[in-house]
Asks: 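There's a structure below that I have some questions on.
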Amino acid sequence: MSERVNVKKKQATPVAEAKAEATLPVLGPVGMLRWAWTQLTSMRTALFLLLLLAVAAVPGSLFPQRPANPSVVTQYIKDHPDYGKLLDSLQLYDVYSSAWFSAIYLLLFISLIGCVVPRAIAHYKAMRSQPPRTPQRLSRLPEYGTLVVPADAGIPASDAIHSAAGLLRKRGYRVEVRDADGALPSLGAERGFLKEVGNLVFHTSLIGVLVSVAAGGLFGYSGQRILVEGDTFVNTLVGYDQFNPGTNFQSSQLQPYSLQLDKFNITFDRESKGKFGQPIDFSAAVTTKETPDAPAKQEILKVNDPVSLGGTSIYLTGNGYAPVVTVRDGAGNIAMQGPVVAKLQGDNYYSSVVIKVPDAKPDQLGFVGFFLPTAFVTDKNVSFSADPELFNPQLTLNSYYGDLGLNSGAPQNVFELDVRNLTPLNARNLAAGGITLAPGSTYTLPDGKGTISFDGVKRYIGVDIHHNPGQVYALVFALLAVAGLIVSLYVNRRRVWVRTGTAADGRTMVEYGLLARGEDHRLAGEAAALRKLFTTEWQLPEDNAADETASDHADAEGTAGSQQTPSRAGDNVAGSVSTPAGPTGPEKDQ
């Protein structure tokens, strides 16, 4: 046993010594760049980068994003002082415009281009090249068959090969006939180039989607605006309540169109018991103008049915009630008059109301409370809204006076009132009590601070305005990607070879073989279909095949001079004789 081990060690010693003495070649800077480019442009790297891009987008849904709502990000950092600033330094509040997300995006873009372009060039050359040479032994192919055309059929080998070529061309094959006038004419046929075309279209479309999305992020913009019945929105920067520009946005992109809300209608369910009072339809009648000098146009804005103006899409996203109030100060002057947007808070359009009156004299006034479309009061003196329609509208408020903090320049939420520095005038826990107003009523504030009147109710809508120059292109490229993927999955790359020869008794011996590039479970069906075409064309019985008897071997002698035909159908017509059209041995599938 020890002798065997020593023998193995002696045999392995020269190899080990050679490995120890071997020195790896130095790549150098150019070699390293070539290696890096090869790795970057591989399909494996492209798929990895695509997955990495999806993972990198996850923080955008976990943390508030500054482009969507800067105030929420500021509040989030204040609420999480231990790690809020760290997340900000990592650009997790600006994920989609961060350096690391952009780097992944750019690398994926370069990888796809570097992968697609060489493949497209190689496929173009393959489409222009001739089908591969006929293998010497067709019987080694996955699908193989033989046919015998009787001598009295009058179909020599050359006619049979041309007939087979015509049938294959009708079936969509690209055919090349070889040595048509020789003793063993053959042909090579190929089809399924659309498979690679579909693959290239799919990857090229992915590049198009990336470019389109990038164009939308660079040159697009979005914004929100609340419109009360009778208000007009003009597409300028000051016309937005909130505006989110793209990275390369320019104010000159804004086309000065206008949109006026004429009337907003809601249809509530009044029939079903389980969903009674729920809204079932929204429609906003609007007047639009493409330019200040353009004629006005009446349109209907509905949910999921946007209005298109100036290259933007305007979507209906929200609605509610806006009580119309008039506030007079202590001197009797009108300090504030108009609709106040009520923010939805609960069922049946229960809404909160905040009114800020910085122009009141001698003290600024503030009101906070709620609006009820159909007010009901319980036996415990608790008010609630029993229906979303305006059957019994009621405005319930608390009032304050003092410095509202609007002159400091710090931004404030219009739907919130900071009462920490204000003095209460009206509240349920004060002697004056709260303020309860019905349409047309007026309340006089304590201490001669003024009055507030509830003049009526209007409706309002919330609209989202989106401009994305790459949106249409992204859709087109996405559809092309799906179409290319379907083609690449359902089209198969196939090759067919046919060889014919004439036996000594005048019969025409035919053999054919099929080969697929990759897996093709339909290759056997294709072989059966071709066999049926051949037998129909030459009027042969379906069970026609080369006989497996020794007598056929004797009959087939002299097919091509001293050439011999093997006695089994599993061998070539020409035996071991190489074809004039190709080298010995089957060519590797490309």
Asks: In sequence, state the C-alpha distance, the side-chain angles, and the governing distance for F249 and F219, and then conclude on ring-ring contact (aromatic ring centres under 6.0 Å, His included).
Replies: CA-CA 5 Å; F249 168 79; F219 305 104; over 10 Å; no
Asks: Within the side chain of T291, is there an N or O that forms a donor-acceptor pair under 3.5 Å with the backbone of A294?
Replies: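 Flag set: sc T291 to bb A294 pair under 3.5 Å.
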Asks: If you count the non-hydrogen atoms of other residues, nucleotides and ligands that lie under 6.0 Å from CG in D347, is the total more than 12?
Replies: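 Open.
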Asks: Is the count of non-hydrogen atoms from other residues, nucleotides or ligands lying under 6.0 Å from D79 atom CG greater than 12?
Replies: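 Correct, the count exceeds 12.
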Asks: Within this structure, what is the CD-OH distance for the pair Q65 and Y76, rounded to the nearest 0.5 Å?
Replies: 11.0 Å
Asks: Checking side-chain hydrogen bond (donor to acceptor under 3.5 Å, both in side chains) for the pair T442/S453: CA distance, chi angles, key distance, verdict?
Replies: CA-CA 4 Å; T442 301; S453 301; 2.7 Å; yes
Asks: Quick one: which of Q260, Q298, K297 gives a side chain to side chain donor-acceptor pair (under 3.5 Å) with T287?
Replies: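 Result: among Q260, Q298, K297, Q298 is the only option passing the side chain to side chain donor-acceptor pair (under 3.5 Å) with T287.
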Asks: Let me confirm one number: the CH2-OG distance from W37 to S111, rounded to the nearest 0.5 Å.
Replies: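 Rounded to the nearest 0.5 Å, the CH2-OG separation comes out at 8.5 Å.
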Asks: Using a strict 4.0 Å threshold on nitrogen-to-oxygen distance, state whether D418 and R420 make a salt bridge.
Replies: yes
Asks: Okay, side chain of T38, backbone of R34: is any donor-acceptor separation there less than 3.5 Å?
Replies: yes
Asks: Within a 6.0 Å radius of atom CG on N304, are there more than 12 heavy atoms belonging to other residues, nucleotides or ligands?
Replies: no
Asks: For K343, does the NZ atom sit with more than 12 other heavy atoms under 6.0 Å from it, leaving out its own atoms?
Replies: no
Asks: Tell me whether D241 contacts the main-chain N or O of I226 through its side chain, where contact means a donor paired with an acceptor under 3.5 Å.
Replies: yes
Asks: When the aromatic ring centroids of F243 and Y221 are compared, is their separation below 6.0 Å?
Replies: yes
Asks: Do D329 side-chain atoms and A331 backbone N/O form a donor-acceptor pair below 3.5 Å?
Replies: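 The answer is yes, because a donor-acceptor pair under 3.5 Å joins these two groups.
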Asks: Please check: side-chain N/O of Q337 versus main-chain N/O of V324, any donor-acceptor pairing under 3.5 Å?
Replies: no
Asks: Is it true that D363 and K449 make a salt bridge, defined as a side-chain N closer than 4.0 Å to a carboxylate O?
Replies: yes
Asks: Would you say that L309 contacts E290 through its side chain, given a criterion of any heavy-atom pair below 4.5 Å between the two side chains?
Replies: yes
Asks: At what distance, to the nearest 0.5 angstrom, does CD of Q364 lie from CG of L422?
Replies: 8.5 Å
Asks: Can you give me every donor-acceptor pair (side chain of residues 398-405, partner residue at least two apart or in another chain, under 3.5 Å) with its distance?
Replies:
residue	atom	partner	partner atom	Å
S399	OG	N426	N	3.1
S399	OG	N426	OD1	2.5
D403	OD1	G405	N	3.0

Asks: Does any N or O in the side chain of K275 come within less than 3.5 Å of the main-chain N or O of Q278, such that one atom is a donor and the other an acceptor?
Replies: no
Asks: Could you tell me if the ring centre of F101 sits under 6.0 Å from that of Y96?
Replies: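 Ring centroids of F101 and Y96 are less than 6.0 Å from each other.
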Asks: Working to the nearest 0.5 Å, report the span between CG of L52 and OH of Y105.
Replies: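 Taking CG in L52 and OH in Y105, the distance rounds to 14.5 Å.
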Asks: Quick one: OG on S97 to CD on Q91, what's the gap to the nearest 0.5 Å?
Replies: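 Separation between the atoms: 7.0 Å.
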Asks: Going from CD on Q224 to CG on N244, what distance comes out if it is rounded to the nearest 0.5 angstrom?
Replies: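 With rounding to 0.5 Å, CD (Q224) is 6.0 Å from CG (N244).
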Asks: So, does S222 use its side chain to make a donor-acceptor pair with the main chain of I465 at under 3.5 Å?
Replies: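 Pair absent, no side-chain N/O of S222 close to backbone of I465.
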Asks: Identify the heavy atoms of L112 and L210 that sit nearest to each other, and give their distance.
Replies: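 L112 and L210 have their closest heavy atoms at CD1-CD1, 3.7 Å.
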Asks: For the pair E389 and R459, find out whether any cationic side-chain nitrogen is under 4.0 Å from an anionic carboxylate oxygen.
Replies: yes
Asks: Between D281 and K302, does at least one N-O distance fall below 4.0 Å, as a salt bridge requires?
Replies: yes
Asks: Would you mind reporting whether D231 and V228 have side-chain heavy atoms less than 4.5 Å apart?
Replies: yes
Asks: Do R66 and D88 make a side-chain contact, defined as non-hydrogen atoms from C-beta onward lying under 4.5 Å apart?
Replies: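 Yes, close enough: below the 4.5 Å cut-off.
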Asks: Could you walk me through whether I300 and V286 pass the side-chain contact (heavy atoms from CB on, under 4.5 Å) check?
Replies: CA-CA 6 Å; I300 300 295; V286 297; over 6 Å; no
Asks: Where does the angle between the aromatic ring planes of F384 and F376 fall among parallel (under 30°), tilted (30 to 60°) and perpendicular (over 60°)?
Replies: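 Rings of F384 and F376: tilted, as their planes differ by 30° to 60°.
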Asks: So that I know where these two stand, are F193 and Y124 an aromatic pair - ring centroids less than 6.0 Å apart?
Replies: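 So the answer is no for these two rings.
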Asks: Are any side-chain N or O atoms of T374 and backbone N or O atoms of D387, one a donor and one an acceptor, separated by less than 3.5 Å?
Replies: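 A pair under 3.5 Å: yes.
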Asks: For the pair N413 (side chain) and F415 (backbone), establish whether a donor and an acceptor sit closer than 3.5 Å, ignoring hydrogens and angles.
Replies: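 Side chain of N413 to backbone of F415, a donor-acceptor pair under 3.5 Å: yes, one is there.
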Asks: Does the ring-ring contact (aromatic ring centres under 6.0 Å, His included) test come out yes or no for Y240 and F233, once each step is laid out?
Replies: CA-CA 8 Å; Y240 288 87; F233 164 72; 5.1 Å; yes
Asks: For residues L33 and W35, determine if any side-chain heavy atom of one lies less than 4.5 Å from a side-chain heavy atom of the other.
Replies: no
Asks: Kindly say whether the aromatic ring centers of F276 and F268 come within a distance under 6.0 Å.
Replies: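 Not under 6.0 Å, so no.
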Asks: Tell me if the aromatic rings of Y321 and Y349 count as close, with their centers under 6.0 Å from one another.
Replies: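 Yes, the ring of Y321 comes within the 6.0 Å limit of the ring of Y349, centre to centre.
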Asks: So for atom CZ, which belongs to R270, do other residues, nucleotides or ligands contribute more than 12 heavy atoms lying within a distance under 6.0 Å?
Replies: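 Enclosed.
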Asks: Does atom CH2 of W100 have more than 12 heavy-atom neighbours, drawn from other residues, nucleotides or ligands, at distances under 6.0 Å?
Replies: yes
Asks: Can any side-chain N or O of D94 pair as donor or acceptor with the backbone N or O of S98 at less than 3.5 Å?
Replies: no
Asks: With side-chain hydrogen bond (donor to acceptor under 3.5 Å, both in side chains) as the test, would you mind laying out the steps for T436 and Y443 before giving the verdict?
Replies: CA-CA 8 Å; T436 302; Y443 180 85; over 6 Å; no
Asks: Taking atom CZ as the centre, does F391 end up with more than 12 heavy-atom neighbours from other residues, nucleotides or ligands that are less than 6.0 angstrom away?
Replies: yes
